[in-house]
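The structure appears right after this line, and notes come after that.
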Amino acid sequence: MGRSRGTSLASLSPGPGSGQEVQTENVTVAEGGVAEITCRLHQYDGSIVVIQNPARQTLFFNGTRALKDERFQLEEFSPRRVRIRLSDARLEDEGGYFCQLYTEDTHHQIATLTVLVAPENPVVEVREQAVEGGEVELSCLVPRSRPAAVLRWYRDRKELKGVSSGQENGKVWSVASTVRFRVDRKDDGGIVICEAQNQALPSGHSKQTQYVLDVQYSPTARIHASQAVVREGDTLVLTCAVTGNPRPNQIRWNRGNESLPERAEALGETLTLPGLASADNGTYTCEASNKHGHARALYVLVVYDPGAVVEAQTSVPYAIVGGILALLVFLIICVLVGMVWCSVRQKGSYLTHEASGLDEQGEAREAFLNGSDGHKRKEEFFI
């Protein structure tokens, strides 16, 4: 704990016929700490100096111990100063300590000792079990402090507004504070802090207690498969990932309206299906529940037959080749039809100018022999 702190100075004016003076300082100390009580002497002539506790019991007579309390030690006795040291200060040590100087007239000054009580770590409790969607109420208690401790709440580094109350018990105070706020499942495991401060603690210091939120909520379930594609003969492991508070302690596996395969092994969150066959196909479910609700997850199992896959893959090239052949046959038929059509067109009827316009053979012959340009050449007209 901290050492004593002087807070004020009291002085004694010289009495008649005396040039001597005594001064004392008031002292404040935290419980359990060390206090130093000092009497300052001016123009000391060797007169008797007595220091007494608040109960007016003599602690030291000049430099001699008078009270058998080892917590008090004489640290200094000189013509200028008398200083005693109190270890492990307690509330009952609080009060006025008399510094008396016996001369022709008895003079004294009082050093007031004040003992502060630092708060212990606050006690945080929850009034009712927190459930998602509802409110939680927390209480923070510091049963003993002096002066009364100031309590503050923090959550996620933000201060919460609480309601505080205090009760004085003798020289100390009992202080309490409550805070309420809504919670959801994401708040489970969150930290709320209650902080206590008063003057008995060093500047910038406080006593804190962390409370971990316990928020209950309904379960969720999700199935994870050990592999994406399963074939005949494979071993498949299904895992049911479950959340919930309280955590469901029983998980049930089933397969639609059918019973699980005889080879299946259901052990808690895992379902093992060895030696898979197409008969194992179906919709598998895992179910979990707690007092707040029920959850179910589905997994559709389709076992692939490697033989059927190979057959389907090899049938594809044959289909392509068949299509190409059909296309070639169609093209050949089209070519043949075109050739026949052209052949029929070339064998049609036609007329020449021999049948008209040249009745006289002589003229025709003469024209042919002479090569006259005045006569037209024989022309054919395709009809």
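Starting from 1, each residue takes its place in the sequence as its number. Quick note: numbers below take in every heavy atom, side chains included, and nothing from hydrogens, waters or symmetry partners. Remember, it's a predicted structure, so these values are computed and weren't measured experimentally.
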Q. L67 and V49: same hydrophobic cluster, using ILVMFWY side-chain contacts below 4.5 Å?
A. yes
Q. Distance-only, no hydrogens or angles: does the N53 side chain make a donor-acceptor pair with backbone N or O of L59 under 3.5 Å?
A. no
Q: Supply the atom-to-atom distance I251 CD1 to E287 CD, rounded to the nearest 0.5 angstrom.
A: 11.0 Å
Q. Looking only at heavy atoms, which two atoms of A148 and N198 are closest? And how far apart?
A. O-CB, 4.3 Å
Q. Counting heavy atoms not belonging to R231, are there more than 12 under 6.0 Å from its CZ?
A. no
Q: Could you check L236 against Y284 for side chain to side chain contact (heavy atoms under 4.5 Å, CB included), going step by step and ending with a plain yes or no?
A: CA-CA 12 Å; L236 177 66; Y284 290 76; over 6 Å; no
Q | Donor-acceptor pair, side chain of E132 and main chain of D187, under 3.5 angstrom | A | no
Q. Do Q109 and C39 have side-chain heavy atoms sitting under 4.5 Å apart?
A. no
Q | From OG (S145) to CD (Q197), nearest 0.5 Å | A | 12.0 Å
Q. If only atom types and distance count, is the side chain of N281 paired as donor or acceptor with the main-chain N or O of V303 below 3.5 Å?
A. yes
Q: Mind checking the CG-CD spacing from N121 to E195? Nearest 0.5 Å is all I need.
A: 11.5 Å
Q) Is it the case that one hydrophobic cluster holds both V229 and L276, taking links as side-chain heavy atoms less than 4.5 Å apart, direct or via other members? A) no
Q.
Tell me the closest heavy-atom pair linking A295 and P219, and the distance in Å.
A. CB-O, 3.4 Å
Q.
Between N26 and A111 (side chain of the first, backbone of the second, donor and acceptor by atom type, cut-off under 3.5 Å), is there such a pair?
A. no
Q: Return yes if a side-chain donor-acceptor contact under 3.5 Å exists between D45 and S47, otherwise no.
A: yes
Q.
Is it the case that atom CD in E120 sees more than 12 heavy atoms from other parts of the structure closer than 6.0 Å?
A. no
Q | R222 side chain vs A297 backbone, donor-acceptor pair below 3.5 Å | A | no
Q) When clusters are formed by joining ILVMFWY residues with side-chain heavy atoms under 4.5 Å apart, either directly or through shared neighbours, do L201 and V142 land in the same one? A) no
Q | Shortest non-hydrogen contact between L113 and A35, atoms and distance | A | CD1-CB, 3.8 Å
Q: Could you tell me the separation between the CZ atom of R90 and the CG atom of D93, rounded to the nearest 0.5 Å?
A: 6.5 Å
Q) Do L298 and I223 sit in the same hydrophobic cluster, where Ile, Leu, Val, Met, Phe, Trp and Tyr count as joined when their side-chain heavy atoms come under 4.5 Å apart? A) no
Q: Side-chain contact test, heavy atoms from C-beta onward, threshold under 4.5 Å: evaluate it for L91 versus E31 and give yes or no.
A: yes
Q. With the threshold set at 4.0 Å, does a side-chain nitrogen-carboxylate oxygen contact exist between R247 and E269?
A. yes
Identify each donor-acceptor pair in which a side-chain atom of residues 157-164 lies under 3.5 Å from a protein atom, sequence neighbours left out, and give them as a table.
residue: S164; atom: OG; partner: S177; partner atom: OG; Å: 3.4

Q | side chain to side chain contact (heavy atoms under 4.5 Å, CB included) between Y211 and C194, worked out | A | CA-CA 8 Å; Y211 179 82; C194 179; over 6 Å; no
Q. Under 6.0 Å from the CD atom of Q227, do we count more than 12 heavy atoms belonging to anything else shown?
A. yes
Q: For R71, look at atom CZ and say whether over 12 heavy atoms of other residues, nucleotides or ligands are found less than 6.0 Å away.
A: yes
Q. Is the number of heavy atoms from other residues, nucleotides or ligands under 6.0 Å of E265 CD greater than 12?
A. no
Q) Heavy-atom count around E128 CD within 6.0 Å, excluding the residue itself: above 12? A) no
Q: Run the salt-bridge test on D184 and R182 with the 4.0 Å N-O cut-off and return the result as yes or no.
A: no
**Q.** Atom pair CG (L238) and OG1 (T285), whose distance is rounded to the nearest 0.5 Å
**A.** 10.5 Å
Q: For the residue pair V124 and V192, establish whether any side-chain heavy-atom pair is separated by less than 4.5 Å.
A: no
(Q) Side chains of Y217 and H292, heavy atoms from C-beta outward: is any pair under 4.5 Å? (A) no
Q | Reported OG1-to-CG distance for the pair T243 and N290, which is rounded to 0.5 angstrom | A | 9.5 Å
Q: For residues T24 and I110, determine if any side-chain heavy atom of one lies less than 4.5 Å from a side-chain heavy atom of the other.
A: no
Q. Does F72 have any ring pair (Phe, Tyr, Trp, His ring centres under 6.0 Å) partners at least two apart in sequence or in another chain, and if so, which?
A. none
Q | Heavy-atom pair of closest approach, residues A176 and L151 | A | C-CD1, 3.8 Å
Q | Greater than 12 external heavy atoms within 6.0 Å of N257's CG | A | no
Q. What do the steps show when you test E70 against R65 for side chain to side chain contact (heavy atoms under 4.5 Å, CB included), and what is the final call?
A. CA-CA 10 Å; E70 296 298 328; R65 173 186 297 277; 4.1 Å; yes
**Q.** Single hit among I193, V175, T209, L141 for side chain to side chain contact (heavy atoms under 4.5 Å, CB included) with P122
**A.** T209
**Q.** Hphob cluster co-occupancy, V27 + I84, side-chain heavy atoms under 4.5 angstrom
**A.** yes
Q. Any side-chain donor paired with an acceptor under 3.5 Å for S218 and R185?
A. yes
Q: Report the C-alpha separation of L273 and L301 in whole Å, then their side-chain angles, then the decisive distance to 0.1 Å, and conclude whether the side chain to side chain contact (heavy atoms under 4.5 Å, CB included) test is met.
A: CA-CA 11 Å; L273 299 168; L301 173 62; 4.1 Å; yes
Q | salt bridge (charged side-chain N to carboxylate O under 4.0 Å, His left out) assessment of E94 paired with K171 | A | CA-CA 10 Å; E94 189 175 73; K171 293 184 177 182; 3.6 Å; yes
Q: Assess whether atom CZ of R263 is packed by more than 12 heavy atoms of other residues, nucleotides or ligands within 6.0 Å.
A: yes
(Q) For the backbone of V215 and the side chain of D188, can you confirm whether one donor and one acceptor N or O come within less than 3.5 Å of each other? (A) yes
(Q) Is any side-chain heavy atom of S278 closer than 4.5 Å to one of E232? (A) yes
(Q) Given 3.5 Å as the limit, does a donor-acceptor pair link the side chain of W253 with the main chain of L267, or not? (A) no
Q: Check whether any side-chain heavy atom of H108 lies under 4.5 Å from a side-chain heavy atom of V22, and answer yes or no.
A: no
Q. Got a sec, which residues hit side-chain contact (heavy atoms from CB on, under 4.5 Å) with E258, two or more places apart in sequence or on another chain?
A. R255
Q. Are side-chain heavy atoms of F60 and V82 found at a separation under 4.5 Å?
A. no
